[in-house]
Amino acid sequence: MKEVMDFERSFLMDKVQRREYEQREKALRDYYSYMDESYADGIQQGEQNKSREIALRMLKRGKDISEIAEDTGLNLEEVQKLQA
């Protein structure tokens with residue numbers, strides 16, 4: 001235990017090592033943050049694609065555009081583009 005404590009003291013005193021450590025930690029946090037954002041963006045994109053697929057099926061069945069927009073969460077403009 002004493003050896004660990006001595007290492008910690010020397011590490012905290014060595015500004016170069018400490019700065020390198022802090023930079024590695026920041027890089028890891030940035031990476032994980034980026035990955036979390038990418039994952040969330042992918043999920044959102046998938047949900048939008050699914051809503052468009054459902055809207056297309058509803059359009060083929062002759063449903064009203066306003067009803068489709070309400071049921072899928074798409075706006076009227078998006079549904080009209082799908083209809084075209």
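None of these values were measured; they are calculated from a predicted model.
Screening Ile68, Ile54, Leu82 for a side-chain contact (heavy atoms from CB on, under 4.5 Å) involving Leu74 leaves a single residue, Leu82.
Remark: Glu77 CD is loosely packed, at most 12 non-hydrogen atoms of other residues, nucleotides or ligands lying under 6.0 Å away. No more than 12 heavy atoms of other residues, nucleotides or ligands sit less than 6.0 Å from atom CD of Glu70. Within 6.0 Å of CD on Glu25 lie more than 12 heavy atoms contributed by other residues, nucleotides or ligands.
Follow the hydrophobic side-chain contacts under 4.5 Å out from Tyr34 and you reach Leu28 in the same cluster.
The structure places CD1 of Ile65 at 3.5 Å from CD of Gln83, a figure rounded to the nearest 0.5 Å. Atoms CG and NZ, from Leu76 and Lys81 in turn, are 12.5 Å apart once rounded to the nearest 0.5 Å. Separating the CD atom in Glu47 from the CD atom in Gln45 is a distance of 10.5 Å, to the nearest 0.5 Å. Interatomic distance, Arg19 CZ to Lys26 NZ, rounded to the nearest 0.5 Å: 9.5 Å.
Listed here is the closest heavy atom pair of Ser51 and Thr72: OG-O, 3.3 Å. Taking every heavy atom of both residues into account, Met58 and Asp71 meet most closely at CE-OD2, 3.5 Å.
Distance alone, capped at 3.5 Å, is enough to place a donor-acceptor pair between the Glu78 side chain and the Asn75 backbone. Of the possible polar contacts, none joining the Ser33 side chain to the Arg29 backbone as a donor-acceptor pair under 3.5 Å is found.
Using a 4.5 Å heavy-atom threshold, the side chains of Leu59 and Lys63 count as separate. Here the side chains of Tyr31 and Met35 are in contact, with some heavy-atom distance below 4.5 Å.
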